> 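Here's a structure for you.
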Amino acid sequence: MKLAGVFQLLLLTCSSLLAGQNPQDPTPAKTADNYSGMYSFLQDGEFVQITVEDEGRVTGFISRYGDSDSDRGAFLDQFFKQGKLDGSKLSFTTDVVHGVWYEFKGTVERGEGKTPEDQAYYVVKGALTEYRTGADKKITSKPREVTFKSFPREV
């Protein structure tokens, strides 16, 4: 009986140490910010879904309204071809959809929201370049500085 109690105490102590906690301190160990979530995009109704995975790999997509003659008003999803998060530095490039793709280079920062349940708890700031292939097969680029605000997270 005593051996079982000692074993449970040892197991509890080891679990707490592995989690970075003192057994007498119920405060959880601080974890890195989780920037995964939905963020605003260029127009109302458009958004960017960002998912931060292991080792800074980023997946996601942009959901936007088409603006060419063939897709005007249609909702288009453009998945990330590649994405990376290094500390707070974020970059991604989307796949080409209807001759358009995006490249982003910037940062993820704390915003004005007080809690993750508030809008703009995190903001993505940086340079977004829109690339477009014209009917003449010529590629044009349109760079701009952007700020995308996180949507409120559900509890």
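The shown structure was predicted, so the numbers you read here are calculated from the model rather than taken from an experiment.
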> To the nearest 0.5 Å, what is the distance between CG (Asp77) and CZ (Phe61)?
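Rounded to the nearest 0.5 Å, the CG-CZ separation comes to 5.5 Å.
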> Under 4.5 Å between any side-chain heavy atoms of Phe41 and Leu128, yes or no?
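Touching, per the 4.5 Å side-chain cut-off.
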> Does a side chain donor of either Gln78 or Arg64 reach within less than 3.5 Å of an acceptor in the other side chain?
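Per modelled atom types, Gln78 and Arg64 side chains form a pair under 3.5 Å.
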> Between Gly66 and Leu76, which heavy-atom pair has the shortest distance, and what is it?
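Distance-wise, the nearest heavy atoms are CA-CD1, 3.7 Å.
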> Give the ring-plane orientation class for Tyr122 versus Tyr35, where under 30° counts as parallel, over 60° as perpendicular and anything between as tilted.
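Aromatic pair Tyr122/Tyr35 classed perpendicular.
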> Indicate every side-chain donor-acceptor pair of residues 79-88 with a distance under 3.5 Å to a residue at least two apart or in another chain.
none

> Are Thr147 and Val124 close enough that some pair of their side-chain heavy atoms sits under 4.5 Å apart?
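With C-beta onward as the side chain, the pair stays apart.
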> Are the side chain of Ser40 and the backbone N or O of Lys149 linked by a donor-acceptor pair below 3.5 Å?
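Yes.
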> Calculate, to the nearest 0.5 Å, the distance between atoms OG and CD1 belonging to Ser36 and Ile50 respectively.
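So the OG of Ser36 and the CD1 of Ile50 are separated by 8.5 Å.
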> Would you give me the side-chain donor-acceptor pairs under 3.5 Å for residues 91-110, sequence neighbours excluded?
from	atom 1	to	atom 2	distance (Å)
Thr94	OG1	Tyr102	N	2.9
His98	ND1	Asp71	OD2	2.7
Tyr102	OH	Glu130	OE1	3.3
Thr107	OG1	Glu109	OE2	2.9
Arg110	NH1	Gly113	O	3.0
Arg110	NH1	Tyr121	O	2.7
Arg110	NH2	Gly113	O	3.2

> Among the clusters formed by ILVMFWY side chains lying less than 4.5 Å apart, do Leu90 and Leu42 turn up in the same one?
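Linked, Leu90 and Leu42 end up in one cluster.
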> Count the heavy atoms of every other residue, nucleotide or ligand shown that sit under 6.0 Å from CG of Asp136, and state whether that count exceeds 12.
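More than 12 within 6.0 Å, yes.
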> Any side-chain heavy atom of Tyr39 within less than 4.5 Å of one from Val123?
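No. Closest side-chain heavy atoms not under 4.5 Å.
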> Test of understanding: with side-chain contact (heavy atoms from CB on, under 4.5 Å), list the residues that count as partners of Glu145, not counting sequence neighbours.
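For Glu145, the residues satisfying side-chain contact (heavy atoms from CB on, under 4.5 Å) (neighbours in sequence not counted) are Ala127.
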> With side chains defined as the heavy atoms from C-beta onward, is the minimum distance between Gln49 and Thr59 less than 4.5 Å?
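A side-chain contact is absent here, since even the closest heavy-atom pair is not under 4.5 Å.
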